[in-house]
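In listed order, ligands and their atoms are each counted from 1. Keep in mind that the numbers below use all heavy atoms, side chains included, and drop hydrogens, waters and symmetry copies.
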Amino acid sequence: MQIDSSVRFDAVGGLSDHIAALKEMVIFPLLYPEVFERFKIQPPRGCLFYGPPGTGKTLVARALANECSQGNRRVAFFVRKGADCLSKWVGESERQLRLLFDQAYRMRPSIIFLDEIDGLAPVRSSKQDQIHSSIVSTLLALMDGLDSRGEVVVIGATNRLDAIDPALRRPGRFDREFFFGLPNKEARKEIFKIHTCDWTPKLLDTFIDELATECVGYCGADIKSLCAEAALCALRRRYPKIYSSNEKLQLDINSVKINAEDFVMAMEKIIPASRRAVPSPGQALSPIMAPLLGNTLSRILQALQRVFPHAELALKKDQQQGNLNPFLKGDAFGRNYESPSILEENVTDTTICRPQGKFLDFSRKAYWQPTSCRPHLLLAGKAGYGQASHLAPAVLHSLEMFPVHTLDMSVLFVNTSSPEETCAQLIREAQRTAPSIIYIPHIHLWWDSVGATLKATFLSLIQNIPSFAPVLLLATSDVCHTALPAEVQTLFNSDFGEVFNIQSPSEDERKHFFEDLILTQAAKPPASRRKAEVSKRKRKKTDSSFPVAKRRRSFQFNEEQRHTSAEKAMDIMTESAIVVLVDYCELKQLLDMVTDLTKEADIFYFEKLYAKICQCIYQHQDDNDKTELLKVLKKEFKALARM
Ligand code: ATP
């Protein structure tokens, strides 16, 4: 088929490791056959791309075909979707497959891209019909029959690796597997840059950085549609008439300027694919919760770094993507490239004086890479302390460069396979994608609800993970470590800092949580003059009964009294230039009251109370005189204190 020849590797963001490996596997055998001939290396016949939708599998295959076509040499690219190869006539699908391979061979060098290969070669079982079984066998035979010069390469793509017949994954068939995960922040930045590179003027680097931070869980395709949607928002803003007019309007394209607001609107519209399918467990602390839980989160991250030093890589802000994953970089293993010669012809001094008399040195170099031994961390605290609802998701969000494998009831019991099978697959996958995270929220509930076989499977699989494999087990519990079942307790060694006890928020944190709401937002003037006038008229009656003796204060800020910055205060004043009557001492009293009220409270109580205060503020948003609002708030707090 004709493919867009402009798609090259530079149109692919954040997959540099895959690109390097593919060059080695596919392009080099085509370009430098002599090297492969010299060392009698058999180039791979196929590779499997797997991962969630929209992560660039097809894009990379296309770019690969274009990159292989250099100068006069063109590489034929054949794309088939798994289901397209199926036919209702017995034997027809097999014939089509044979034809495809024949044609690819005739037009070699060529790449056959089998998209959604799980539809074509599903796991063969007694339950599966005979037809599928025969197609899989044909495909296997065809792949085995490919000659060994690497001139026909088969690439299979799937969203579900477990749904593919395992025979296809044997060496000599799809030898290499590439996981296309959701992009991390650096990768998202690259993808944003790719999809906005033709915009003039270009987006600021700092803005792209901010966008990438916000777009956790977006795949490449989501980012592409986000950019398109933002551009459409800008067009809509500039030319609202084009929606109502039937005529083609004369547009001045240069006057369409995309701004941050367009991206905000676009983000409201686009739900990333990952959240549509399985919600991603990582979630940053919301700006509301940050004052309450921010300190605890930083303490957890510190504890985590001690248990799982790889976390440091994710937490370093200015890392370049190329440095992010030392496990994929040859030199990060600390290999000594000036190692002694192992060739017969070249016996040198270094060959004779090699360290420990051995050529192969697999010892770990502590100074080259972080080391952890069975890194486990339990976030334990009373129910409602936010460990599973806010803190663990925020931890996972900070570690978003590592793949997360969530092991909870919804995963175990919703899948079609047995819970034991799902659990085994998930832990194996975590091992394969290391450094990675196995996340078990509410481990106390989980343990109580699953059967003995699953418990045994889980424990043995966890124990089978090699000791120094960087697979973090992160769990949350609503009961303290010592109250957990003995088997779960043994997973977390408190002597080595693997148990983090979450405390209830301190007085300062509680105060900080309500501060902005009570001291700033409750004292905000009405949004506009017009509204103020309306509210004035509405409140005329009340005004007449307003006690003259009452301290009437204009809306003023005092650095000592509040933490709000002076600039912010000025902003509010110039925005409205309306005098607001509010007793600041009373506001402070209210803040103290609510801080007292929430002593020992759980997170849900904080959230409920926060919403209650917001509602009161909203109801009184048009008031110039906030006395009524303060009264209502006081009443609410008193009522709650009595309960
Ligand atoms: P599916 O599994 O649904 O077939 P896929 O993984 O093959 O999805 P693609 O079709 O390659 O996804 O991606 C769709 C589009 O998203 C691409 O054409 C490209 O524009 C954009 N895209 C995806 N990933 C990337 C990326 N890493 N860099 C740049 N663009 C990307």
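Salt-bridge formation is not detected for the pair Glu190/Lys193: no Lys NZ or Arg NE/NH1/NH2 atom is positioned less than 4.0 Å from an Asp or Glu carboxylate oxygen.
No donor-acceptor pair closer than 3.5 Å links the side chain of Asp115 to the backbone N or O of Arg80.
Using a 4.5 Å heavy-atom cutoff, the side chains of Leu396 and Thr406 are not in contact. Contact check for Ser225 versus Tyr218: no side-chain heavy atoms found under the 4.5 Å cut-off. The shortest distance between side-chain heavy atoms of Leu399 and Leu472 falls below 4.5 Å.
Atoms of ligand 1 found under 4.0 Å from any heavy atom of Ala11 (numbered from 1 in listed order, with element): 28 (N), 29 (C). Of all atoms in ligand 1, listed by their number and element, those nearer than 4.0 Å to a heavy atom of Val12 are 28 (N). If you number the atoms of ligand 1 from 1 as listed, the ones under 4.0 Å from a heavy atom of Leu15 come out as 27 (N).
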Which pairs of donor and acceptor atoms, one on a side chain in residues 194-201, lie under 3.5 Å apart (sequence neighbours left out)?
unit_1 : atom_1 : unit_2 : atom_2 : d
Thr196 : OG1    : Phe192 : O      : 2.7

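Distance from atom 16 (O) of ligand 1 to its nearest protein heavy atom, with residue and atom name: Ala221 CA, 3.2 Å. Among protein heavy atoms, atom 31 (C) of ligand 1 sits closest to Leu59 CD2, 3.5 Å. When hydrogens are left out, the protein atom nearest atom 28 (N) of ligand 1 is Gly13 N, 2.8 Å; that is the closest non-hydrogen contact. If you check which protein heavy atom lies closest to atom 8 (O) of ligand 1, you get Gly54 N, 2.9 Å. In terms of protein heavy-atom proximity, atom 20 (O) of ligand 1 is nearest to Lys224 CD, 3.1 Å.
Minimum interatomic distance between Lys57 and Thr158 (heavy atoms only, all atoms of both residues): CE-O, 3.8 Å. Residues Val12 and Leu15 approach most closely at CG1-CD1, 3.6 Å, considering heavy atoms.
Residue contacts with ligand 1 do not include Ala157, since none of its heavy atoms lies under 4.0 Å from the ligand. Using 4.0 Å as the threshold, His195 has a heavy atom nearer than that to some atom of ligand 1. Under a 4.0 angstrom heavy-atom cut-off, Gly51 registers as lying outside contact with ligand 1.
Heavy atoms of Thr58 found under 4.0 angstrom from ligand 1 belong to the backbone as well as the side chain. With a 4.0 Å heavy-atom cut-off, ligand 1 is reached by no atom of Ile223.
For an aromatic pair to be called close, the ring centres must be under 6.0 Å apart, and Phe179 with Tyr50 satisfies this.
Relative orientation of the Phe180 and His18 rings is perpendicular, given thresholds of 30° and 60° on the angle between their planes.
Around atom 21 (C) of ligand 1, the closest heavy atom drawn from Pro53, Pro52, Gly220, Ala187 belongs to Gly220. Closest to atom 6 (O) of ligand 1 by heavy atom, among Lys57, Glu190, His18, is Lys57.
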